[in-house]
> 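Take this structure first; my questions come after.
So that the names make sense, note that chain A is the first sequence line, chain B the second, and so on, each numbered from 1.
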Amino acid sequence: MSTPLSAPLDLAFDYTRSLGPVLGRFAAGLRERRIEGVRGSDGRVHVPPVEYDPVDAAPLTEFVPVSDEGTVLSWSWIPEPLDGQPLTTPFAWALIRLDGADTAMLHAVHVPGPSAMSTGMRVRVRWADETAGHIRDIAYFLPVGAGDGPSPAPPPRSEKDGVMVTPIELHYQHSASPEESRYLRGLAEGKLIGQRCPACGKVYIPPRGSCPTDGVPTVDEVELPDTGIVTTFCIVNVPFLGQRIKPPYVAAYILLDGADIAFLHLVLGCEAAEVRMGMRVRAAWKPRDEWWTSLENISHFEPTGEPDAPYESFAHHL
Amino acid sequence: MRDVAVVGFAQAPNVRETPGTTNGVEMLVPIFAQVYQQTGLSKSDIGFWCSGSSDYLAGRAFSFISAVDAIGAFPPIHESHVEMDAAWALYEAWLKIRTGEVDTALVYGFGKSSAGHLRRVLALQLDPYTVAPLWPDSVSIAGLQARLGLDAGLWSEKDLAEVAARSRADATRNPLAQLSGTSEIADLLDAPYVADPLRAHDIAPVTDGAAVIILTAAERAGEFAERPAVITGIEHRVDTPVLGARDLTRSPSTEAAGRAVGTGDVEIAELHAPFTHQELILRTALGLGDDVRINPSGGVLTGNPMFAAGLARIGEAATRILTGQASKVLAHATSGPALQQNLVAVLEA
């Protein structure tokens, strides 16, 4: 079997989080370029603050301002920074205990090389030029005494306090299974390729890496016609983001002739109210020069005008 | 309550990259066949199914649902999933058998770490307010932990290299290992840092893989294995997620879990230590003396399939009993950054 199909899969979304009273106050403080910790039941000052005491789980409410200078407790060097990290040039990650705090925070230290780092060294915050009420308002740390240019003025109060938005970007190489790859390559040639389970004989389209009844991969290739029936359907009346067709329209489970599993597609070419269970349909393919390894090659299904399939013939596929 | 025993174990080859899907079906189908063959059990004999995997590793929501195809979920089955290493799925299955709800369980874990950028993906298991937005990578965080021990004189870079060299030498006898071979300590210490103070040999490789274990009630285990590995203790604990509030040179959760199960007299221990210094932390936390053989499989420094590696430690330890090489063994699994969550099991013939 040829190599499975594979393609980049890039995910990006913004995590938007409500912060609550403790982290909200911490974040609002960062926006104003100051750092507050919280005092625990045992008197220790936690920075970053924790909402509940790690020892006795009491809710913590006593805020304590701490310094923007501190001591490096440990560090590691990152010679090739990764996407999203605080610096794009090589830097040190460090556990930093700010003066006035009893716990350490994780952040980046901007120095030319690992020889400029040492446990116990003194560092201070380099604030971001624009702050937003986010941990990234601390751009990075610098050795105490290092110059970092003029310090911008503290910003005014913000209506965005209490909410934190963090963009997430992840990159994957997604691979289809060998069976899916056969199916997708078939679509690029205008073929509908299902595969048969060697144990129970059922024909799946798209084919499965493993038959859900028998737990063995489907292997025998079966080319299916582009005709079938509607087993069940719904009429979409609701507009939503990204919708490509004007409602009302029909999304239906189509059971191709000779297949044992239905797949989801569109039924167009008639009034939505005319679509019914058992209705005979045929694929409407896009122009051949638009075909690729996708079920999108079929624009939709439309009625053939043949008599409906009797309910008993598809009842066990519902 | 009745005891529970491991009667079958199999794992996929530990490899840098498979061409397969992130739902692991291609890796799982062959190893299910292996444990059925080992035990004489079939799909219809399994009372409960439980798995461990991660959507973030796969880059898709509910990725474990597709993996259920590999077990054959029709007619309907009794199934569960944990978004952790499958060692914790084994704990859930152990409870199901122990409480008498079922007699048999199949536990599996899988992960295709190569699909994404593992060091970055793992940042998303960190505190989402004050840590994850900085994208600290898993290797750098382990580096912070390693330096704390170096600075405190608890271990040296040479100690770490010795852990790596022993692991790779042991892996030469493990055909499923990803890395193996003999190495001179001096050569290892000459290698450049990947994340000062860590070198490549200190860091478990990025690995695709899967593992499966079959558990049964101990009173029936003799039907499926000549020498079942009875779980005589299993416990898991968690430390605070606040990295800067922990003493990272210790693992209090491992210490507590080890105390709860009792680690005396174990002959072999399979420890889930993705970084060399973490093996030293775990040995101390579990009070394992020099007479205890550590990671004869090579351990995860020679192959670390995320979400399956901890389950595989239990399987590797159990195999020493199933094959008659030992009569009391210890298995450890970890999850989360810098040994945050830890599970300890003791198995006996």
> Mind checking which of residues 100-108 of chain A sit less than 4.5 Å from chain B, heavy atom to heavy atom?
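Expected list: A:Thr103, A:Ala104, A:Leu106, A:His107.
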> Under the ring pair (Phe, Tyr, Trp, His ring centres under 6.0 Å) rule, collect the residues that match up with B:Phe62, sequence neighbours excluded.
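Residues passing ring pair (Phe, Tyr, Trp, His ring centres under 6.0 Å) with B:Phe62: none at all.
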> Using non-hydrogen atoms only, which part of B:Leu198 is less than 4.5 Å away from chain A: side chain, backbone, both, or neither?
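For B:Leu198, neither part sits under 4.5 Å from chain A.
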> Atom CD in B:Gln145, atom CG in B:Leu339: separation rounded to 0.5 Å?
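Going from CD on B:Gln145 over to CG on B:Leu339, the span is 5.0 Å.
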> Using 30° and 60° as the class boundaries, would you call the ring planes of B:Phe32 and B:Tyr108 parallel, tilted or perpendicular?
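Perpendicular.
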> Please flag which part of A:Pro81 lies under 4.5 Å from any non-hydrogen atom of chain B: side chain, backbone, both or neither.
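For A:Pro81, there is no contact with chain B at all, as no heavy atom is under 4.5 Å.
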> Going from OG on A:Ser74 to CZ on A:Arg97, what distance comes out if it is rounded to the nearest 0.5 angstrom?
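With rounding to 0.5 Å, OG (A:Ser74) is 12.5 Å from CZ (A:Arg97).
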> Under a 4.0 Å N-O cut-off, is there an ion pair linking B:Asp208 with B:Lys112?
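Salt bridge between B:Asp208 and B:Lys112, a charged N being under 4.0 Å from a carboxylate O: no.
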> Using a distance-only test with no angle check, is there a side-chain donor-acceptor pair under 3.5 angstrom linking B:Asn23 and B:Ser63?
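Distance-only check fails for B:Asn23 and B:Ser63.
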> Pick whichever of B:Leu124, B:Leu150, B:Ile77 has the most heavy-atom pairs under 4.5 Å with chain A.
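The candidate making the most pairs under 4.5 Å is B:Leu124.
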> Between B:Leu148, B:Asp127, B:Leu243, which shows the greatest number of heavy-atom pairs under 4.5 Å with chain A?
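Maximum pair count with chain A is reached by B:Leu148.
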> Flag yes if more than 12 heavy atoms outside A:Lys202 fall under 6.0 Å of its NZ atom; otherwise flag no.
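Not more than 12 within 6.0 Å, no.
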> Which residue pairs pass the salt bridge (charged side-chain N to carboxylate O under 4.0 Å, His left out) test with at least one member in residues 113-122 of chain B, sequence neighbours excluded?
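Non-adjacent pairs meeting salt bridge (charged side-chain N to carboxylate O under 4.0 Å, His left out): B:Arg119-B:Asp137.
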> Using non-hydrogen atoms only, which part of A:Pro86 is less than 4.5 Å away from chain B: side chain, backbone, both, or neither?
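Contact with chain B involves both backbone and side-chain atoms of A:Pro86.
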> Under 4.5 Å, counting heavy-atom pairs only, tell me which of B:Leu144, B:Thr21, B:Val121 racks up the most with chain A.
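Maximum pair count with chain A is reached by B:Leu144.
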> Quick check for you: among B:Ala115, B:Ala73, B:Gly116, which has the greatest number of heavy-atom pairs under 4.5 Å with chain A?
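When all of B:Ala115, B:Ala73, B:Gly116 are compared, B:Ala115 has the most.
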> With only heavy atoms counted, which part of A:Leu170 is less than 4.5 Å from chain B, the side chain, the backbone, both or neither?
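For A:Leu170, heavy atoms of backbone and side chain both lie under 4.5 Å from chain B.
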> Sequence neighbours left out, what pairs pass ring pair (Phe, Tyr, Trp, His ring centres under 6.0 Å) with at least one residue falling in residues 73-92 of chain A?
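The answer is A:Phe91-A:Trp93.
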> Take A:Ile96 and A:Val123 through the test side chain to side chain contact (heavy atoms under 4.5 Å, CB included) and record every step on the way to the result.
CA-CA 8 Å; A:Ile96 298 159; A:Val123 292; 3.8 Å; yes
> What's the spacing between A:Ile135 CD1 and A:Asp137 CG if we round to 0.5 Å?
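Here the interatomic distance stands at 8.0 Å.
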> Most heavy-atom pairs under 4.5 angstrom with chain A, which of B:Ala132, B:Pro75, B:Ala58, B:Ala146?
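Of the candidates given, the most pairs with chain A belong to B:Ala58.
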> In terms of heavy-atom pairs under 4.5 Å, which option from B:Asp151, B:Thr240, B:Val139 contacts chain A the most?
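Top option by heavy-atom pairs under 4.5 Å: B:Asp151.
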